[in-house]
A.B. asks: 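Here it is, the structure, as structure tokens.
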Amino acid sequence: MKMIMNFLDVIYYNLYLFFYDKTKHSHPQISACGVILFCFIFIICGVISIYDVLIKDLHFNSSYNLLILILIWLLLCQRYVKKDKYMSIVRKKPIIKSKKVSKIITIVFIILSLIPLFVLLPIVCSFR
């Protein structure tokens with residue numbers, strides 16, 4: 001569990017820096033949480049859709065997706081925004097091996113989270 005939290009901290013830190021440095025966003029901590037949220041939602045919805053169509057034919061209700069979205073958002077906000085944890089993460093500067101490797105891992109995570117949206121979901125929809 002600690003490895004997963006460290007991984008999320010690295011991704012959060014890199015996204016925070018992106019929104020703070022590059023876009024000059026007024027609330028980079030919330031934007032970084034939003035990007036992580038949507039990455040997880042794309043992954044979860046892709047897996048649920050594949051399981052629904054190919055294995056069980058569950059006709060998964062979209063209200064469950066909304067509940068999952070709200071739960072993940074509350075957990076991310078609790079972890080990073082509410083407790084002002086983002087300031088301690090920015091001061092700690094979590095990295096994996098080097099800054100370059102950490103940025104590459106963050107970009108790969110975002111790209112891999114988009115695969116269910118652009119690749120798997122059209123395949124699944126063609127089976128319906």
A.B. asks: Would you name the heavy atoms of Ile11 and Thr106 that are closest together and state the gap between them?
C.D. replies: CA-OG1, 3.9 Å

A.B. asks: Using the side-chain hydrogen bond (donor to acceptor under 3.5 Å, both in side chains) rule, collect all pairs that involve residues 107-120, keeping only residues at least two apart or in two chains.
C.D. replies: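 Those involving residues 107-120 do not exist here.
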
A.B. asks: Measuring from atom SG of Cys33 to atom OH of Tyr16, what distance do you get when rounded to the nearest 0.5 angstrom?
C.D. replies: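 Interatomic distance, Cys33 SG to Tyr16 OH, rounded to 0.5 Å: 11.0 Å.
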
A.B. asks: Could you pull out all residues at least two apart from Phe40 that satisfy ring pair (Phe, Tyr, Trp, His ring centres under 6.0 Å)?
C.D. replies: Phe109

A.B. asks: Who are the side-chain hydrogen bond (donor to acceptor under 3.5 Å, both in side chains) partners of Asp9, not counting sequence neighbours?
C.D. replies: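 Here the qualifying residues are Arg79, Tyr80.
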
A.B. asks: How many angstroms lie between atom CD1 of Ile44 and atom SG of Cys39, to the nearest 0.5 angstrom?
C.D. replies: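 So the CD1 of Ile44 and the SG of Cys39 are separated by 11.0 Å.
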
A.B. asks: With clusters defined by side-chain heavy atoms of hydrophobic residues (ILVMFWY) lying less than 4.5 Å apart, directly or transitively, does Val35 cluster with Leu74?
C.D. replies: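 Looking at the clustering, Val35 is in the same group as Leu74.
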
A.B. asks: Would you compute the distance between atom CD1 of Ile105 and atom CG of Leu112 and round it to the nearest 0.5 angstrom?
C.D. replies: 11.5 Å

A.B. asks: Supply the atom-to-atom distance Ile115 CD1 to Ile111 CD1, rounded to the nearest 0.5 angstrom.
C.D. replies: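 Rounded to the nearest 0.5 Å, the CD1-CD1 separation comes out at 8.5 Å.
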
A.B. asks: Using the rule that Ile, Leu, Val, Met, Phe, Trp and Tyr join whenever any side-chain heavy atoms are under 4.5 Å apart, tell me whether Trp73 and Ile70 fall into a single cluster.
C.D. replies: yes

A.B. asks: I need the Asn14 CG to Lys99 NZ distance, nearest 0.5 Å.
C.D. replies: 9.0 Å

A.B. asks: Rounded to the nearest 0.5 Å, what separates atom CZ in Phe38 from atom CD1 in Ile72?
C.D. replies: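 The distance works out to 11.0 Å.
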
A.B. asks: With the 4.5 Å side-chain cut-off for hydrophobic clustering, are Val101 and Val10 part of the same group?
C.D. replies: yes

A.B. asks: Within the 4.5 Å heavy-atom criterion, are Leu76 and Ile36 side-chain neighbours or not?
C.D. replies: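 Yes; the side chains approach each other to less than 4.5 Å.
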
